[in-house]
Amino acid sequence: MNTPTTDPVLLAALRTDLRSTQFTVDAVNALLGERASSALLRNERVSALKAAREDDSILAVLTRLFVLWDFVASEDVAGALPNLGVDGLVSLGLVSVYEGELVRAGVQLQPHEAVINDAVHRWWIASDLGEGLTGRAPGRDHVLGIGGATRTLLQMTPREATGSVLDLGTGCGVLAMYAATHADRVVATDLSERAVAFARFNFALNELDIDLRLGSLFEPVAGERFDLIVSNPPFVITPDSLRGDGVVEYRDGGRRGDELVREVVAGAASHLSEGGRAVMLGNWEIDAAADGPESAPDWAAHPRTWVRESGLHAWVIQRERLDPAQYVEMWMRDNGARLAMTPSQYEDAYSRWLADFDQRGVAGIGLGVLTLQRPRKSKTNKPVAVFEEVVTTTTAPGDYVARTMTELFENPEIADPAVSDDVVFVRASDVREERHFEPGQSDPQVIIATQGGGFGRRIQLNTSMSAVLGASDGELTVGQIISALHILTEDDRADISARVYDQLAHLVRAGMLNRKVSA
């Protein structure tokens, strides 16, 4: 595998060539067309190759070379990059030349556009070639580009102006690059030497001043504190029996179970400044219920323990839950196991992975986001911990995450809302209601409150809570609405109240109901 280098003169020449060619996201998408661009997102490059090969522009040459992993005539590459040339590409570690006539990239170099705080940033991001292009399983020291998990974290990270940011486990460096647009100082760390080399190349090519350090987790920043920590750590839960040839660095932290995520939470507690925040992705194990098969497992048991030990405020969002078999299949696909293994090897690895979960009593694995904050000394409330399961494909934007963290961590009534009969609530303007009926029936079987903003939550309601939500227009107290329901339905008032209070706090925390502020 190629590893890029950072010769300043050669990088300046490459930068000049890329800028003059307008090698941008919009230009590449326009060249390929909507159908081919969409297919490329699904790791299908055939239609994109066809479109690029039918075009003789310089942009088409660069797209074939850097995006599509195509063989390109050396004279075409030289013409597309007149300042750098083929020899310069070779010296930077970006390409290999075959028989002096054909050039093929050894890394992927893709244009990327980021809109941050209303400013547009156009960058180029180098990473290893993915298996969708090469048809080969990624190596142990593979450096990922911008995948789905990274995009989720990029979108959910608050983008307020801040003093210092730590990108823990930077990979190709894109999280640090985003942070550099709104922070005075950014430090990026990674255990992988190849990841550090790629990040250094990306920072230099895009002229970003980021402090890059090699080392494991928080070791390179011992004794330092930060206003924001972002991390997409190697959280994949892998059994020791599958580590015979070493760990896959970008995904496996070499720890037992979900201990790696616990370590990152604990480390954040020691490296956040007062009021400092952390946003990180994680996986956690869900233990089998201790009370037998009829008892549902507590998905938040592990994160709850980590948060309690850390002393930090926490808002933990579980966005997906997989059973052990689903989890094994997902990560074996990610690692290209069927490409690298014989059928018998695949079956053996799959079986050992499942056996590890079974032996340790793991009923499921949660996938989600942990947002943390070091309490402010000026606040007297104890650390707030909110655990929420959000089943949605929507990713909340960073400004929403920042606002919610402030509300939860600095206003304890939001995290544990004091809902009572004398409170007046106002329904949020983006809330809608779905009702599902069995054909021919007048009463709905399912009522769901939906949210247009934030996470786009979908919360199933009982009929009493639905009625309170509908009547919460800022005029009546909760108690008055419950009393009206008692009169209208003749149901026992205590039963109606119990059904309402079973769900009311959840809707308040979700932002579907807001307490009316007196004039």
Checklist entry - Around atom CD of Glu44, are there more than 12 heavy atoms of other residues, nucleotides or ligands at under 6.0 Å? => result no

Next on the checklist: Tell me whether the rings of Phe409 and His313 are parallel (<30°), tilted (30 to 60°) or perpendicular (>60°).
Outcome noted: parallel

Item to check | Pair Glu388 + Arg509: basic N to acidic O under 4.0 Å | outcome: no

Item to check | Side-chain ion pair, Arg458 and Glu389, N-O less than 4.0 Å | outcome: no

Next on the checklist: Whether the side chain of Asn206 engages the backbone of Trp124 through a donor-acceptor N/O pair (distance < 3.5 Å, no angle test) should be reported.
Outcome noted: yes

Next on the checklist: Here's one to test your reading of the geometry: is the NZ or CZ of Arg104 within 45 degrees of the ring axis of Trp69 and under 6.0 Å from its centre?
Outcome noted: yes

Item to check | Proximity of Trp123 and Tyr178 rings by center, below 6.0 Å | outcome: yes

Next on the checklist: Tell me whether the rings of Tyr350 and Tyr346 are parallel (<30°), tilted (30 to 60°) or perpendicular (>60°).
Outcome noted: tilted

Next on the checklist: To the nearest 0.5 Å, what is the distance between CE on Met330 and CE on Met332?
Outcome noted: 13.0 Å

Item to check | Result of checking Leu312, Leu281, Val265 against Leu370 for side-chain contact (heavy atoms from CB on, under 4.5 Å) | outcome: Val265

Checklist outcome for this item: So OG of Ser192 and NE2 of His142: to nearest 0.5 Å the spacing works out to 10.5 Å

Item to check | Check against salt bridge (Lys or Arg N to Asp or Glu O under 4.0 Å), Arg304 and Glu309 | outcome: CA-CA 9 Å; Arg304 185 179 292 110; Glu309 293 172 348; over 6 Å; no

Next on the checklist: Salt bridge check, Glu259 against Arg262: does any charged N sit closer than 4.0 Å to a carboxylate O?
Outcome noted: yes

Checklist entry - Are the aromatic ring centres of Phe218 and His271 under 6.0 angstrom apart? => result yes

